[in-house]
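We name chains A, B, ... by the order of the sequence lines, and we start the count at 1 in each one.
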Protein chains: 2
Amino acid sequence: MKVSRKRKTLGAEEAVERLRAAGLRPTRQRVALAQLLGDAHRHISAEGLHREAGKAGMPVALATIYNTLHQFTEAKLLREVVVGSGRSYFDTNTGDHQHFYCEDDGTLIDIEGNAIEVAGVPTPPKGMAVDRVDVVVRVKRS
Amino acid sequence: MKVSRKRKTLGAEEAVERLRAAGLRPTRQRVALAQLLGDAHRHISAEGLHREAGKAGMPVALATIYNTLHQFTEAKLLREVVVGSGRSYFDTNTGDHQHFYCEDDGTLIDIEGNAIEVAGVPTPPKGMAVDRVDVVVRVKRS
DNA sequence: TCAACAGTTTGGAATCGTTCCAAACTAAAA
DNA sequence: TTTTAGTTTGGAACGATTCCAAACTGTTGA
Ligand SMILES: [Mn+2]
Ligand SMILES: [Mn+2]
Ligand SMILES: [Zn+2]
Ligand SMILES: [Zn+2]
């Protein structure tokens with residue numbers, strides 16, 4: 001049987017506060033999305049969030065979903081994760097961490113930032129500064 | 001002034017041999033592309049190779065470019081590198097190495113495989129095996 | 001309290017990289 | 001040669017994302 005699991009969403013007030021703190025005007029749509037993204041660590045696509053908003057009875061235009069995801073990313077409320085050339089994922093875990101990526105089903109799984117260590121990164125070319133070091137551990141069904 | 005630089009391409013015979021060794025039928029188009037990809041380490045997109053083939057007087061249909069790049073990748077003559085969700089790059093360096101990625105202009109720069117070291121990769125989830133560990137050092141103009 | 005404005009949302013069209021398709025072509029086998 | 005399986009092709013189709021201009025709505029400050 002299929003076990004249905006409730007996802008922990010945010011209260012509206014909390015969402016509004018979060019948006020204000022990030023300097024974003026708390027519109028109906030942004031509040032709804034901030035609530036849906038909630039607290040738990042998750043990896044979600046634009047299409048996925050669009051669908052969730054619809055199911056939750058607060059439909060939001062797809063263009064707005066994209067706008068919002070990018071604004072949230074800019075505001076460090078989200079982090080964009082690129083693993084394949086197709087779609088991109090947005091990660092509610094903005095802390096230092098890396099990912100397992102399952103090529104078979106497109107799943108992402110967090111790897112704690114303190115678990116993994118990258119050593120020996122050379123000095124970037126003149127005039128460049130390191131922004132972030134991304135590690136993707138590609139796994140396959142064995 | 002703009003300095004024009006010659007790129008080292010392969011001889012036709014050498015390209016044919018390489019294709020044969022990889023179990024690929026040496027068609028006119030595949031030989032042309034193998035020649036263009038040549039010996040030097042480079043990062044190229046499908047569109048880029050399509051344009052180069054045209055300029056070199058051996059036009060190849062874009063669909064064939066994609067077919068060929070994927071077949072070459074399958075045959076380990078190339079390696080596919082994903083850095084952004086837009087286009088994907090094909091890397092003539094198939095050895096163990098990683099990349100700097102400049103977000104400003106989309107440039108890729110190799111990092112020797114023996115320079116960088118990733119430690120502490122956790123055991124993959126049950127039933128999964130590590131295929132490859134990709135490190136992308138994102139840099140920005142500073 | 002409310003007009004005015006800047007910021008935001010919207011549906012739909014447009015873009016873009018990539019894949020699909022079925023017909024024409026060609027390298028290799030017989 | 002012929003045959004055959006594999007390959008190429010242009011153009012249509014696709015899916016994710018972005019663009020657009022019109023409608024809407026938080027916020028401000030009179
Ligand atoms: Mn993006
Ligand atoms: Mn591919
Ligand atoms: Zn994550
Ligand atoms: Zn490389």
Starting at atom [atom1] of [X], determine the distance to atom [atom2] of [N], rounded to an integer number of angstrom.
{"X": "B/Asn67", "N": "C/dT18", "atom1": "CG", "atom2": "P", "answer": "13 Å"}
{"X": "B/Glu74", "N": "D/dG6", "atom1": "CD", "atom2": "C1'", "answer": "16 Å"}
{"X": "A/Arg20", "N": "C/dG7", "atom1": "CZ", "atom2": "P", "answer": "16 Å"}
{"X": "B/His50", "N": "D/dG10", "atom1": "NE2", "atom2": "C1'", "answer": "11 Å"}
{"X": "A/Gln71", "N": "D/dT18", "atom1": "CD", "atom2": "C1'", "answer": "14 Å"}
{"X": "A/Leu62", "N": "D/dC20", "atom1": "CG", "atom2": "P", "answer": "17 Å"}
{"X": "B/Leu69", "N": "D/dT8", "atom1": "CG", "atom2": "C1'", "answer": "15 Å"}
{"X": "B/His70", "N": "D/dT7", "atom1": "NE2", "atom2": "P", "answer": "16 Å"}

Every protein N/O lying under 3.5 Å from an N/O of nucleotides 15-17 of chain C:
residue, atom, partner, partner atom, Å
C/dG17, OP1, B/Arg87, NH2, 2.4

| Using a distance-only test with no angle check, is there a side-chain donor-acceptor pair under 3.5 angstrom linking A/His43 and A/His99? |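 Side-chain D/A pair, A/His43 to A/His99: present.
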Q | Pairs flagged by salt bridge (Lys or Arg N to Asp or Glu O under 4.0 Å) wherever residues 108-118 of chain B is involved - sequence neighbours left out | A |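 Matches after skipping sequence neighbours: none remain.
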Residues joined to B/Val82 in its hydrophobic cluster, side chain to side chain under 4.5 Å directly or through other members, sorted by chain and number, are A/Val82
Grouping ILVMFWY residues whenever side-chain heavy atoms fall under 4.5 Å, the cluster of A/Val136 otherwise contains A/Val81, A/Val83, A/Tyr89, A/Tyr101, A/Leu108
Among residues at least two apart in sequence or on other chains, which ones pass salt bridge (Lys or Arg N to Asp or Glu O under 4.0 Å) with [X]?
{"X": "A/Asp91", "answer": "none"}
{"X": "B/Asp96", "answer": "none"}
{"X": "A/Glu103", "answer": "A/Arg138"}

Would you tabulate the side-chain donor-acceptor contacts of residues 24-31 of chain B under 3.5 Å, counting partners in other chains and residues two or more places apart, or write 'none'?
residue, atom, partner, partner atom, Å
B/Thr27, OG1, B/Arg30, N, 3.2
B/Arg30, NE, B/Arg25, O, 3.0
B/Arg30, NH1, B/Gln71, OE1, 2.8
B/Arg30, NH2, B/Arg25, O, 3.2

Show which side-chain atoms of residues 50-63 of chain A pair as donor or acceptor with protein atoms under 3.5 Å away, not counting sequence neighbours.
residue, atom, partner, partner atom, Å
A/His50, NE2, A/Val60, O, 3.2
A/Glu52, OE1, A/Arg42, NH1, 3.4
A/Glu52, OE2, A/Arg42, NH2, 2.5

Residues of residues 99-110 of chain A with a heavy atom under 4.0 Å from any atom of DNA chain D, listed by number, are none
Notebook entry, point to check: Counting N and O atoms only, with roles assigned by atom type, does the side chain of B/Gln98 sit under 3.5 Å from a partner on the main chain of B/Val135, one being a donor and the other an acceptor?
Noted result: yes
May I have the list of side-chain donor-acceptor pairs in residues 118-127 of chain B shorter than 3.5 Å, sequence neighbours left out?
none

Exercise for review: Pull out every residue in residues 23-30 of chain B that has a heavy atom closer than 4.0 Å to any atom of DNA chain C, ordered by number, or say none.
Suggested key: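 Close to the strand are B/Arg25, B/Pro26.
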